[in-house]
Amino acid sequence: MNALTLHYHPLSSYCHKVLIAVDALGIDVEKRLLNLGDPEERAAHLALWPTGKMPLLVDRLRPVPESSIIIEYLQRHHAASGRTLIPEDPDVALDVRLWDRLFDLQVMTPMQALTADLLRPEGERDARGVAKAREGLSSAYAFIDRHLKGRTWVAGDAFSMADCAAAPALFYAVTYVPLPAQHVQLAAYFERLMDHPSVAATIDAARPWFEFYPGRAGLSRRFFDPASA
């Protein structure tokens with residue numbers, strides 16, 4: 001059995017963030033699909049990590065929670081030689097961590113709010129919350145687009161943990177709020193993300209599950225074709 005086990009779900013954006021990093025760092029992990037709807041699985045997961053959140057990395061008997069912490073832990077202890085997502089330069093590393101947090105908080109959070117609203121019964125939908133989440137995404141798109149001018153990746157010259165966060169955040173966010181035509185830098189960056197081998201591999205592995213994604217109506221046909229589901 002592999003010493004490293006990743007408890008995950010193939011539709012989870014935060015799990016995608018870690019899966020992208022695992023691939024980019026050249027690490028072999030045992031991927032254990034987590035069904036929190038199963039009482040026994042849920043109880044076992046809560047015993048490992050009381051918040052019940054995923055992804056959760058277990059290194060032998062040590063649980064390592066939270067996507068950014070997992071990525072930093074994996075780089076420190078298990079990355080293949082020469083592979084890195086957080087640079088050694090402390091100032092550049094701070095920039096990576098900043099943009100990792102910005103994508104988690106300013107893109108991932110409103111995107112998840114929109115997903116959560118679709119999971120509510122029709123009579124319990126939160127129109128005001130949905131409007132606020134959409135406004136939040138539009139605002140985030142604008143400042144990210146400005147930041148990307150003249151850049152290939154979001155922090156520094158190399159693909160980093162910040163891009164691992166950006167890829168699933170944007171992938172799902174655009175299913176609710178498409179990228180405006182005027183944000184050309186962000187649109188080009190999105191395509192670079194989708195073409196990155198570690199991102200493409202993660203999305204490809206998730207394809208069989210996209211029919212269960214609440215926002216699937218907004219998925220591009222290059223990622224999901226309802227007729228073939």
Side-chain angles (χ1 to χ4, degrees), residues 2 4-34 53-59 64-87 92-93 95-109 111-112 115 144 148 151-175 186 188-210 213 219-220 222-224:
N2 197 309
L4 287 172
T5 303
L6 183 69
H7 297 259
Y8 84 112
H9 191 279
L11 282 179
S12 164
S13 53
Y14 279 109
C15 291
H16 281 202
K17 175 179 167 181
V18 171
L19 289 166
I20 291 164
V22 164
D23 188 80
L25 291 171
I27 300 170
D28 180 30
V29 301
E30 178 187 349
K31 299 169 187 174
R32 190 168 297 174
L33 194 149
L34 183 60
K53 292 184 177 181
M54 59 176 142
L56 179 71
L57 180 74
V58 178
D59 187 356
V64 183
E66 299 297 328
S67 60
S68 300
I69 304 301
I70 291 171
I71 293 170
E72 192 147 358
Y73 180 89
L74 287 171
Q75 176 172 306
R76 184 173 297 180
H77 297 288
H78 296 285
S81 179
R83 304 283 187 97
T84 182
L85 290 170
I86 304 168
V92 181
D95 206 32
V96 167
R97 292 186 179 97
L98 168 64
W99 281 95
D100 169 72
R101 301 311 302 134
L102 287 172
F103 274 103
D104 279 1
L105 295 172
Q106 305 302 322
V107 182
M108 202 91 82
T109 296
M111 174 276 291
Q112 289 186 326
T115 299
I144 295 167
L148 284 167
R151 296 172 178 266
T152 300
W153 302 112
V154 78
D157 297 325
F159 185 89
S160 72
M161 178 173 71
D163 302 294
C164 294
L170 290 170
F171 177 81
Y172 284 120
V174 300
T175 66
L186 180 54
Y189 173 63
F190 179 83
E191 293 304 322
R192 287 195 295 276
L193 283 173
M194 296 302 104
D195 287 340
H196 189 280
S198 298
V199 176
T202 299
I203 291 173
D204 194 53
R207 287 179 193 273
W209 295 86
F210 285 151
Y213 167 51
L219 281 170
S220 166
R222 64 174 160 154
F223 301 122
F224 173 67

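Numbers here are sequence positions counted from 1. Side-chain atoms are counted along with the backbone in the values below, which use heavy atoms only and exclude waters and symmetry mates.
- Each of Tyr14, Phe223, Phe224, Tyr213 was checked for a ring pair (Phe, Tyr, Trp, His ring centres under 6.0 Å) with Tyr172, and the lone residue meeting it is Tyr213.
- For the side-chain contact (heavy atoms from CB on, under 4.5 Å) criterion with Val22, the lone passing option out of Ile71, Leu4, Val29, Ile70 is Val29.
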Worked verdict on Asp100 versus Arg97 for salt bridge (Lys or Arg N to Asp or Glu O under 4.0 Å): CA-CA 5 Å; Asp100 169 72; Arg97 292 186 179 97; over 6 Å; no
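- When all heavy atoms are compared, the tightest approach of Pro168 to Cys164 is CD-O, 2.9 Å.
- Pairing each heavy atom of Ala155 with each of Ala162, the nearest pair is CB-CB, 4.3 Å.
- Atom CG in Leu102 sits 7.5 Å away from atom CD1 in Ile144 (nearest 0.5 Å).
- Between Leu19 and Leu6 the shortest side-chain heavy-atom distance falls below 4.5 Å.
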Side chain to side chain contact (heavy atoms under 4.5 Å, CB included) between Leu56 and Leu34, intermediate numbers included: CA-CA 10 Å; Leu56 179 71; Leu34 183 60; over 6 Å; no
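- More than 12 heavy atoms of other residues, nucleotides or ligands shown are found within 6.0 angstrom of CG on Asp195.
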I would like to know whether Thr202 and Lys17 meet side-chain hydrogen bond (donor to acceptor under 3.5 Å, both in side chains); could you show each step before the answer? CA-CA 9 Å; Thr202 299; Lys17 175 179 167 181; over 6 Å; no
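- Closest of all the heavy-atom pairs between Pro10 and Leu33 is CD-CD1, 3.8 Å.
- At a threshold of 4.0 Å, the pair Asp104-Arg101 counts as salt-bridged, since one of the basic side-chain nitrogens sits closer than that to a carboxylate oxygen.
- Counting heavy atoms from C-beta outward, Lys53 and Pro65 have side chains that stay 4.5 Å or more apart.
- The two atoms that bring Ala93 and Pro87 nearest to each other are CB-O, 3.5 Å, heavy atoms only.
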Evaluate Leu186 against Leu170 for side chain to side chain contact (heavy atoms under 4.5 Å, CB included), listing each step before the verdict. CA-CA 10 Å; Leu186 180 54; Leu170 290 170; 4.1 Å; yes
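- Taking CD from Gln106 and CE from Met111, the interatomic distance works out to 13.5 Å, rounded to the nearest 0.5 Å.
- Looking only at distances, no side-chain donor or acceptor of His7 sits under 3.5 Å from a matching main-chain atom of Leu57.
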Determine whether Phe171 and Val199 satisfy the following criterion, side chain to side chain contact (heavy atoms under 4.5 Å, CB included), listing intermediate values before the conclusion. CA-CA 10 Å; Phe171 177 81; Val199 176; over 6 Å; no
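- Inter-residue side-chain proximity for Val58 and Arg32 is flagged as unmet; no heavy-atom pair is nearer than 4.5 Å.
- Residues satisfying the ring-ring contact (aromatic ring centres under 6.0 Å, His included) criterion with Phe190, sequence neighbours excluded, are absent altogether.
- Side chain of Arg192 to main chain of Thr152: a donor-acceptor pair is present (N/O by atom type, distance under 3.5 Å, no hydrogens or angles).
- Ring geometry for Trp153 against Phe159 counts as perpendicular: the plane angle is over 60°, on a 0 to 90° scale with 30° as the lower cut.
- Here the side chains of Asp59 and His78 are in contact, with some heavy-atom distance below 4.5 Å.
- In the displayed structure, Arg76 atom CZ is contacted under 6.0 Å by at most 12 heavy atoms of other residues, nucleotides or ligands.
- Side-chain atoms of Asp163 never come within 3.5 Å of backbone atoms of Leu193 as a donor-acceptor pair (strictly under, hydrogens ignored).
- Taking all atoms of both residues into account, the shortest heavy-atom contact from Gln75 to Leu85 is OE1-N, 2.5 Å.
- Between Arg151 and Tyr189 there is no side-chain heavy-atom pair separated by less than 4.5 Å.
- A distance of 10.0 Å separates CE in Met161 from OG1 in Thr84, rounded to the nearest 0.5 Å.
- Among all heavy-atom pairs drawn from Gly26 and Arg83, the shortest one is N-NH1, 3.2 Å.
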